[in-house]
Amino acid sequence: MNRWPRISGALGSAAGFAAGIIATLVASLAGANTHHQIGMFALALAIAGVSAITTVVGALATCVQCWLLYAGFIVGRSGTLVLDEASVETAGLFTIVALAATGIAGGGTTVRARLSR
């Protein structure tokens with residue numbers, strides 16, 4: 001089994017921004033403006049998906065962009081950045097999701113490549 005190449009950090013950042021916007025729009029339509037957990041879950045899925053196919057730099061850029069979308073449009077509702085305790089905890093959660101998805105996807109492809117030799 002061949003190892004899939006990862007997209008560069010710049011392309012990962014762009015893909016993460018697009019995925020974050022789509023996740024924010026879908027979550028807002030699903031009621032994330034009153035139930036912030038919906039937005040957190042949708043953006044965490046977007047972060048995990050993009051982080052699995054990009055580098056650590058792309059994953060962290062995606063994480064920051066999605067957190068800004070969460071704090072500005074889901075919690076802040078009008079683009080006003082909200083920096084409260086819950087928002088900071090969400091930033092930490094998003095960072096863990098980004099690094100874990102990058103590590104798991106990268107480690108898994110390496111193990112499969114080594115086993116196939």
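Here, residue 1 is the first one in the sequence, and each next residue gets the next number.
- The closest donor-acceptor contact from the side chain of T102 to the backbone of L99 lies at 3.5 Å or more, if one exists at all.
- I47 CD1 to Y70 OH: the interatomic distance, rounded to the nearest 0.5 Å, is 11.0 Å.
- A single hydrophobic cluster is not seen to contain both F94 and L45; linkage of ILVMFWY side chains at heavy-atom distances under 4.5 Å, directly or through other members, places them apart.
- A distance-only check finds no donor-acceptor pair linking the side chain of R6 to the backbone of G12 [under 3.5 Å].
- A side chain to side chain donor-acceptor pair (under 3.5 Å) check over residues 46-68, counting only residues at least two apart or in different chains, returns the pairs S13-Q65, W67-S87.
- Linking ILVMFWY residues whenever their side-chain heavy atoms come closer than 4.5 Å, directly or via other members, leaves V88 and V75 in distinct clusters.
- Separation of atoms CE (M40) and CD1 (I74) is listed at 9.0 Å; rounding is to 0.5 Å.
- Residues L93 and L43 are members of one and the same hydrophobic cluster, defined by side-chain heavy-atom contacts under 4.5 angstrom among Ile, Leu, Val, Met, Phe, Trp and Tyr.
- Every residue two or more places apart in sequence or in another chain that forms a side chain to side chain contact (heavy atoms under 4.5 Å, CB included) with F73 is listed here: T24, L69.
- Minimum interatomic distance between A46 and G20 (heavy atoms only, all atoms of both residues): CB-N, 4.5 Å.
- The only option from L68, T95, V97 that meets the side-chain contact (heavy atoms from CB on, under 4.5 Å) definition with C63 turns out to be T95.
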